[in-house]
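The structure appears right after this line, and notes come after that.
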Amino acid sequence: MAYPVQGAGLGLRRAMMREEIAPAAVDFLEVAPENWIGVGGRFGRWLREQTERFPFVIHGLSLSIGSPSPLDMDLVRSIKAFMREHGIRCYSEHLSYCSDHGHLYDLLPIPFTEEAVRYVAERIQRVQDALGQRIAMENVSYYAAPGCEMSELEFINAVLNEADCALLLDVNNIYVNGINHGYDPLEFLRGLPGHRIAYAHVAGHYDEAEDLKVDTHGAPVIDPVWQLLGEAYKCYGPIPTLLERDFNLPPMPELLEEVGRIRDIQKHVKQLAPREVSYARDR
(Lines give C-alpha, C1' and ligand atoms only; values in the text may rest on other atoms or scores of the structure.)
Protein backbone atom coordinates (compact mmCIF):
# COMPACT_ATOMS: atom_id res chain seq x y z
CA MET A 1 0.00 0.00 0.00
CA ALA A 2 1.49 3.33 -1.07
CA TYR A 3 1.53 6.15 1.45
CA PRO A 4 -1.09 8.86 0.79
CA VAL A 5 1.37 11.60 1.84
CA GLN A 6 5.08 11.89 2.54
CA GLY A 7 7.34 13.50 5.12
CA ALA A 8 6.37 15.44 8.26
CA GLY A 9 2.95 17.03 8.83
CA LEU A 10 1.06 19.24 11.25
CA GLY A 11 -2.50 19.20 12.58
CA LEU A 12 -4.14 22.42 11.40
CA ARG A 13 -6.25 24.36 13.93
CA ARG A 14 -8.35 27.51 13.54
CA ALA A 15 -6.13 29.22 16.11
CA MET A 16 -3.40 29.09 13.46
CA MET A 17 -5.27 31.35 11.05
CA ARG A 18 -2.99 34.31 11.69
CA GLU A 19 0.13 32.23 11.12
CA GLU A 20 1.84 31.73 7.78
CA ILE A 21 2.86 28.13 7.25
CA ALA A 22 5.51 27.71 4.59
CA PRO A 23 5.40 24.60 2.40
CA ALA A 24 9.14 24.27 3.00
CA ALA A 25 8.44 23.73 6.72
CA VAL A 26 5.53 21.26 6.54
CA ASP A 27 4.91 18.48 4.02
CA PHE A 28 1.20 17.90 4.71
CA LEU A 29 -1.64 19.06 6.95
CA GLU A 30 -4.54 17.37 8.73
CA VAL A 31 -7.95 18.57 9.95
CA ALA A 32 -10.99 17.01 11.60
CA PRO A 33 -13.68 17.04 8.89
CA GLU A 34 -16.51 17.59 11.39
CA ASN A 35 -14.97 20.97 12.25
CA TRP A 36 -14.97 22.13 8.61
CA ILE A 37 -17.80 20.51 6.66
CA GLY A 38 -20.22 23.21 5.54
CA VAL A 39 -18.08 26.03 6.93
CA GLY A 40 -18.06 29.15 4.76
CA GLY A 41 -16.98 32.76 5.10
CA ARG A 42 -13.43 33.62 6.03
CA PHE A 43 -12.88 30.23 7.69
CA GLY A 44 -13.96 28.39 4.56
CA ARG A 45 -11.82 30.60 2.34
CA TRP A 46 -8.82 30.08 4.60
CA LEU A 47 -9.23 26.29 4.50
CA ARG A 48 -9.50 26.40 0.70
CA GLU A 49 -6.25 28.37 0.54
CA GLN A 50 -4.52 25.72 2.61
CA THR A 51 -5.88 22.71 0.68
CA GLU A 52 -4.67 24.35 -2.52
CA ARG A 53 -1.16 24.79 -1.06
CA PHE A 54 -0.62 21.52 0.84
CA PRO A 55 -1.47 17.82 0.60
CA PHE A 56 -4.22 17.10 3.16
CA VAL A 57 -5.46 14.17 5.21
CA ILE A 58 -8.47 14.19 7.54
CA HIS A 59 -8.86 12.59 10.97
CA GLY A 60 -12.45 12.09 12.06
CA LEU A 61 -13.90 12.58 15.54
CA SER A 62 -17.43 11.21 15.48
CA LEU A 63 -17.81 8.17 13.20
CA SER A 64 -18.10 6.12 16.42
CA ILE A 65 -17.21 2.91 14.65
CA GLY A 66 -17.69 0.73 17.75
CA SER A 67 -20.98 2.23 18.90
CA PRO A 68 -24.13 0.11 19.38
CA SER A 69 -26.01 2.89 17.55
CA PRO A 70 -26.44 2.78 13.76
CA LEU A 71 -23.71 4.26 11.61
CA ASP A 72 -24.26 7.90 10.65
CA MET A 73 -24.25 7.43 6.88
CA ASP A 74 -25.22 11.07 6.36
CA LEU A 75 -21.90 11.97 7.98
CA VAL A 76 -20.08 9.49 5.75
CA ARG A 77 -21.65 11.02 2.64
CA SER A 78 -20.68 14.51 3.84
CA ILE A 79 -17.12 13.34 4.40
CA LYS A 80 -16.99 11.84 0.92
CA ALA A 81 -18.11 15.16 -0.60
CA PHE A 82 -15.61 17.08 1.57
CA MET A 83 -12.79 14.81 0.44
CA ARG A 84 -13.72 15.31 -3.20
CA GLU A 85 -14.07 19.08 -2.79
CA HIS A 86 -10.63 19.51 -1.19
CA GLY A 87 -8.64 16.68 -2.76
CA ILE A 88 -8.12 14.89 0.56
CA ARG A 89 -5.58 12.06 0.38
CA CYS A 90 -6.73 9.88 3.30
CA TYR A 91 -9.53 9.60 5.87
CA SER A 92 -8.71 8.15 9.29
CA GLU A 93 -10.79 7.56 12.39
CA HIS A 94 -10.46 6.22 15.93
CA LEU A 95 -10.85 2.54 16.73
CA SER A 96 -13.28 3.39 19.52
CA TYR A 97 -16.78 4.78 19.96
CA CYS A 98 -18.22 8.07 21.16
CA SER A 99 -22.00 7.80 20.86
CA ASP A 100 -25.01 5.81 22.04
CA HIS A 101 -28.35 7.55 21.51
CA GLY A 102 -26.40 10.79 21.65
CA HIS A 103 -22.82 12.04 21.51
CA LEU A 104 -20.75 11.11 24.57
CA TYR A 105 -17.90 13.58 23.90
CA ASP A 106 -15.20 11.05 24.69
CA LEU A 107 -13.41 8.18 22.96
CA LEU A 108 -14.44 4.99 24.74
CA PRO A 109 -12.75 1.59 24.44
CA ILE A 110 -14.32 -1.21 22.43
CA PRO A 111 -14.27 -4.54 24.31
CA PHE A 112 -11.49 -6.75 22.95
CA THR A 113 -13.70 -9.67 21.91
CA GLU A 114 -14.24 -11.79 18.79
CA GLU A 115 -17.82 -10.52 18.58
CA ALA A 116 -16.58 -6.92 18.62
CA VAL A 117 -14.03 -7.71 15.90
CA ARG A 118 -16.77 -8.93 13.56
CA TYR A 119 -19.11 -6.07 14.46
CA VAL A 120 -16.54 -3.31 14.01
CA ALA A 121 -15.03 -4.80 10.85
CA GLU A 122 -18.44 -4.99 9.18
CA ARG A 123 -19.08 -1.33 9.97
CA ILE A 124 -15.67 -0.32 8.64
CA GLN A 125 -16.37 -2.22 5.43
CA ARG A 126 -19.69 -0.38 5.02
CA VAL A 127 -17.91 2.97 5.39
CA GLN A 128 -15.21 1.92 2.91
CA ASP A 129 -17.85 0.78 0.42
CA ALA A 130 -19.67 4.11 0.74
CA LEU A 131 -16.46 6.11 0.27
CA GLY A 132 -15.07 3.87 -2.45
CA GLN A 133 -11.69 3.62 -0.71
CA ARG A 134 -9.92 2.25 2.35
CA ILE A 135 -9.93 4.20 5.59
CA ALA A 136 -7.28 4.11 8.32
CA MET A 137 -8.18 3.20 11.90
CA GLU A 138 -6.11 4.63 14.76
CA ASN A 139 -4.92 2.67 17.77
CA VAL A 140 -6.39 4.73 20.61
CA SER A 141 -5.45 5.46 24.21
CA TYR A 142 -7.82 3.89 26.75
CA TYR A 143 -8.05 3.80 30.53
CA ALA A 144 -10.20 0.73 31.17
CA ALA A 145 -10.53 -2.56 29.32
CA PRO A 146 -13.96 -4.09 29.98
CA GLY A 147 -14.82 -7.64 28.95
CA CYS A 148 -11.51 -8.53 27.31
CA GLU A 149 -11.09 -11.91 25.59
CA MET A 150 -7.88 -10.95 23.78
CA SER A 151 -5.10 -8.41 24.04
CA GLU A 152 -5.23 -4.93 22.54
CA LEU A 153 -2.67 -5.95 19.93
CA GLU A 154 -4.61 -9.08 18.97
CA PHE A 155 -7.80 -7.04 18.70
CA ILE A 156 -6.27 -4.35 16.47
CA ASN A 157 -4.68 -6.91 14.16
CA ALA A 158 -7.91 -8.89 13.92
CA VAL A 159 -10.00 -5.81 13.05
CA LEU A 160 -7.52 -4.60 10.42
CA ASN A 161 -7.40 -8.02 8.78
CA GLU A 162 -11.15 -8.65 8.92
CA ALA A 163 -12.03 -5.21 7.57
CA ASP A 164 -9.08 -5.03 5.16
CA CYS A 165 -8.47 -1.42 6.19
CA ALA A 166 -5.37 0.68 6.89
CA LEU A 167 -3.76 1.64 10.20
CA LEU A 168 -3.13 5.13 11.52
CA LEU A 169 -0.20 4.47 13.85
CA ASP A 170 -0.36 6.69 16.94
CA VAL A 171 3.04 6.39 18.60
CA ASN A 172 2.14 8.41 21.70
CA ASN A 173 -0.90 6.19 22.33
CA ILE A 174 1.35 3.13 22.33
CA TYR A 175 3.63 4.80 24.89
CA VAL A 176 0.70 5.94 27.07
CA ASN A 177 -1.05 2.57 26.97
CA GLY A 178 2.21 0.76 27.67
CA ILE A 179 2.61 2.73 30.91
CA ASN A 180 -1.05 2.57 31.91
CA HIS A 181 -1.58 -1.12 31.14
CA GLY A 182 1.88 -2.49 31.82
CA TYR A 183 3.10 -3.73 28.45
CA ASP A 184 6.29 -3.20 26.45
CA PRO A 185 5.63 -0.43 23.88
CA LEU A 186 8.39 -1.66 21.57
CA GLU A 187 7.08 -5.23 21.58
CA PHE A 188 3.59 -3.88 20.82
CA LEU A 189 4.94 -1.73 18.00
CA ARG A 190 6.75 -4.65 16.40
CA GLY A 191 3.56 -6.72 16.49
CA LEU A 192 1.58 -4.35 14.27
CA PRO A 193 1.06 -4.98 10.53
CA GLY A 194 3.52 -2.51 9.01
CA HIS A 195 2.18 -3.06 5.49
CA ARG A 196 -1.15 -1.52 6.56
CA ILE A 197 0.26 1.74 7.99
CA ALA A 198 -1.03 4.81 6.11
CA TYR A 199 0.71 7.42 8.27
CA ALA A 200 1.54 8.11 11.91
CA HIS A 201 0.69 10.54 14.71
CA VAL A 202 2.98 11.82 17.43
CA ALA A 203 1.85 14.05 20.30
CA GLY A 204 2.38 15.12 23.89
CA HIS A 205 0.46 13.90 26.94
CA TYR A 206 -0.20 14.71 30.60
CA ASP A 207 1.47 12.92 33.53
CA GLU A 208 -1.33 12.32 36.02
CA ALA A 209 0.91 9.97 38.00
CA GLU A 210 3.98 7.83 37.47
CA ASP A 211 1.76 4.98 36.29
CA LEU A 212 -1.03 7.03 34.69
CA LYS A 213 -0.53 9.05 31.52
CA VAL A 214 -3.39 10.92 29.83
CA ASP A 215 -3.38 11.50 26.08
CA THR A 216 -4.13 15.24 25.82
CA HIS A 217 -2.27 16.61 22.76
CA GLY A 218 -1.60 19.63 24.95
CA ALA A 219 2.15 19.45 25.57
CA PRO A 220 5.42 18.95 23.70
CA VAL A 221 6.41 15.43 22.68
CA ILE A 222 8.69 13.86 25.30
CA ASP A 223 11.98 12.10 24.59
CA PRO A 224 10.74 8.50 25.17
CA VAL A 225 8.01 9.07 22.56
CA TRP A 226 10.55 10.49 20.09
CA GLN A 227 12.67 7.42 20.73
CA LEU A 228 9.70 5.13 20.11
CA LEU A 229 9.01 6.99 16.85
CA GLY A 230 12.58 6.27 15.80
CA GLU A 231 12.03 2.59 16.59
CA ALA A 232 8.90 2.65 14.43
CA TYR A 233 10.97 3.97 11.53
CA LYS A 234 13.58 1.26 12.10
CA CYS A 235 10.81 -1.35 11.94
CA TYR A 236 8.79 0.02 9.04
CA GLY A 237 10.82 2.74 7.33
CA PRO A 238 10.31 6.54 7.62
CA ILE A 239 6.50 6.55 7.79
CA PRO A 240 4.81 9.91 7.04
CA THR A 241 4.24 11.38 10.51
CA LEU A 242 2.08 14.23 11.78
CA LEU A 243 2.44 16.31 14.93
CA GLU A 244 -0.84 16.73 16.86
CA ARG A 245 -1.37 19.70 19.19
CA ASP A 246 -4.93 20.57 20.21
CA PHE A 247 -4.53 23.18 22.97
CA ASN A 248 -1.89 25.11 24.89
CA LEU A 249 -0.67 26.00 21.42
CA PRO A 250 2.82 27.48 21.46
CA PRO A 251 4.05 30.01 18.87
CA MET A 252 4.29 28.53 15.38
CA PRO A 253 8.13 28.39 15.43
CA GLU A 254 7.96 25.98 18.37
CA LEU A 255 5.48 23.73 16.57
CA LEU A 256 7.61 23.78 13.45
CA GLU A 257 10.65 22.86 15.52
CA GLU A 258 8.88 19.64 16.53
CA VAL A 259 7.86 19.02 12.91
CA GLY A 260 11.52 19.52 12.05
CA ARG A 261 12.48 16.92 14.63
CA ILE A 262 10.22 14.41 12.85
CA ARG A 263 12.11 15.15 9.64
CA ASP A 264 15.46 14.78 11.40
CA ILE A 265 14.53 11.32 12.70
CA GLN A 266 13.22 10.30 9.27
CA LYS A 267 16.44 11.50 7.67
CA HIS A 268 18.56 9.62 10.19
CA VAL A 269 16.75 6.36 9.51
CA LYS A 270 17.11 6.81 5.74
CA GLN A 271 20.86 7.08 6.25
CA LEU A 272 21.09 3.76 8.11
CA ALA A 273 22.54 0.82 6.24
CA PRO A 274 19.77 -1.27 4.61
CA ARG A 275 20.51 -4.24 6.89
CA GLU A 276 19.73 -2.08 9.92
CA VAL A 277 16.19 -1.24 8.83
CA SER A 278 13.36 -3.72 8.42
CA TYR A 279 10.91 -2.45 5.80
CA ALA A 280 7.71 -4.37 6.50
CA ARG A 281 6.20 -3.09 3.23
CA ASP A 282 8.77 -5.16 1.28
CA ARG A 283 7.88 -8.41 2.94
Minimum side-chain heavy-atom gap [X]-[Y] below 4.5 Å:
X: Val57; Y: Tyr199; result: yes
X: Val171; Y: Glu231; result: no
X: Phe188; Y: Ile156; result: yes
X: Pro193; Y: Asn157; result: yes
X: Glu34; Y: Leu75; result: yes
X: Thr113; Y: Met150; result: no
X: His86; Y: Leu47; result: yes
X: Thr51; Y: Val31; result: no

[atom1]/[X] to [atom2]/[Y] distance, rounded to the nearest 0.5 angstrom?
X: Cys165; Y: Ile135; atom1: SG; atom2: CD1; result: 6.5 Å
X: Arg123; Y: Leu71; atom1: CZ; atom2: CG; result: 4.0 Å
X: Ser92; Y: Leu167; atom1: OG; atom2: CG; result: 10.0 Å
X: Thr241; Y: Gln6; atom1: OG1; atom2: CD; result: 10.5 Å
X: Asn172; Y: Ile222; atom1: CG; atom2: CD1; result: 7.5 Å
X: Trp36; Y: Ile79; atom1: CH2; atom2: CD1; result: 15.5 Å

For a quick test of your reading: what N or O donor-acceptor pairs under 3.5 Å do the side chains of residues 253-264 make, sequence neighbours left out?
{"from": "Glu258", "atom 1": "OE2", "to": "Val221", "atom 2": "N", "distance (Å)": "2.8"}
{"from": "Arg261", "atom 1": "NH2", "to": "Asp223", "atom 2": "OD1", "distance (Å)": "3.3"}
{"from": "Arg263", "atom 1": "NE", "to": "Asp27", "atom 2": "OD2", "distance (Å)": "3.2"}
{"from": "Arg263", "atom 1": "NH1", "to": "Ala24", "atom 2": "O", "distance (Å)": "2.8"}
{"from": "Arg263", "atom 1": "NH2", "to": "Ala24", "atom 2": "O", "distance (Å)": "3.3"}
{"from": "Arg263", "atom 1": "NH2", "to": "Asp27", "atom 2": "OD1", "distance (Å)": "2.8"}
{"from": "Arg263", "atom 1": "NH2", "to": "Asp27", "atom 2": "OD2", "distance (Å)": "3.2"}

Test side chain to side chain contact (heavy atoms under 4.5 Å, CB included) applied to [X] - qualifying residues, sequence neighbours left out:
X: Ala15; answer: Leu249
X: Arg42; answer: Met17, Arg45
X: Pro23; answer: Arg53, Phe54
X: Glu187; answer: Asp184

Check whether [X] reaches the backbone of [Y] with its side chain - one donor and one acceptor, N or O, closer than 3.5 Å.
X: Gln128; Y: Arg134; result: no
X: Glu138; Y: Leu95; result: no
X: Asn177; Y: Val140; result: yes
X: Glu93; Y: Ile124; result: no
X: Ser67; Y: Ile65; result: no
X: His181; Y: Tyr142; result: yes
X: Tyr236; Y: Leu192; result: yes
X: Glu30; Y: Phe56; result: no
X: Lys80; Y: Ala130; result: yes

Looking at Trp46, I'd like to know if the NZ or CZ of Arg14 sits under 6.0 Å from its six-membered ring centre while staying within 45 degrees of the ring's axis.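 Output no; distance or angle outside limits.
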Should the pair Arg89 and Phe28 be classed as cation-pi, given the thresholds of under 6.0 Å to the six-membered ring centre and 45° from the axis?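 No, Arg89 does not lie over the aromatic ring of Phe28.
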Can a side-chain donor-acceptor contact be found between [Y] and [X] if the only test is distance below 3.5 angstrom?
X: Tyr91; Y: Gln133; answer: no
X: Glu244; Y: His201; answer: yes
X: Ser151; Y: Tyr183; answer: no

What heavy-atom pair brings [X] and [Y] nearest, and what distance separates the two atoms?
X: Leu168; Y: Asn139; value: O-OD1, 3.1 Å
X: Gly178; Y: Pro185; value: CA-CG, 4.3 Å
X: Val225; Y: Ala203; value: CG1-O, 4.3 Å
X: Ala232; Y: Leu169; value: CB-CD2, 4.3 Å
X: Ala200; Y: Ile239; value: N-CG2, 4.0 Å
X: Gln266; Y: Pro240; value: NE2-CA, 4.1 Å

When you look at His94 and Leu61, which way does the side-chain contact (heavy atoms from CB on, under 4.5 Å) test go after all the steps? CA-CA 7 Å; His94 302 83; Leu61 300 172; 4.2 Å; yes
Identify whether the distance between the nearest side-chain nitrogen and carboxylate oxygen of Asp129 and Arg126 falls below 4.0 Å.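 No, Asp129 and Arg126 are not salt-bridged.
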Measure up the Phe112 and Phe155 rings against each other and bin them: parallel (under 30°), tilted (30 to 60°), perpendicular (over 60°).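 Taking Phe155 first and then Phe112, their aromatic rings sit tilted (interplane angle of 30° to 60°).
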Derivation of the side-chain contact (heavy atoms from CB on, under 4.5 Å) call for Leu12 and Ile21: CA-CA 10 Å; Leu12 191 66; Ile21 305 174; 3.8 Å; yes
With Glu162, which residues qualify under salt bridge (charged side-chain N to carboxylate O under 4.0 Å, His left out), at least two apart?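 Expected list: none.
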What do the steps show when you test Met16 against Met252 for side-chain contact (heavy atoms from CB on, under 4.5 Å), and what is the final call? CA-CA 8 Å; Met16 300 176 186; Met252 183 58 68; 3.9 Å; yes
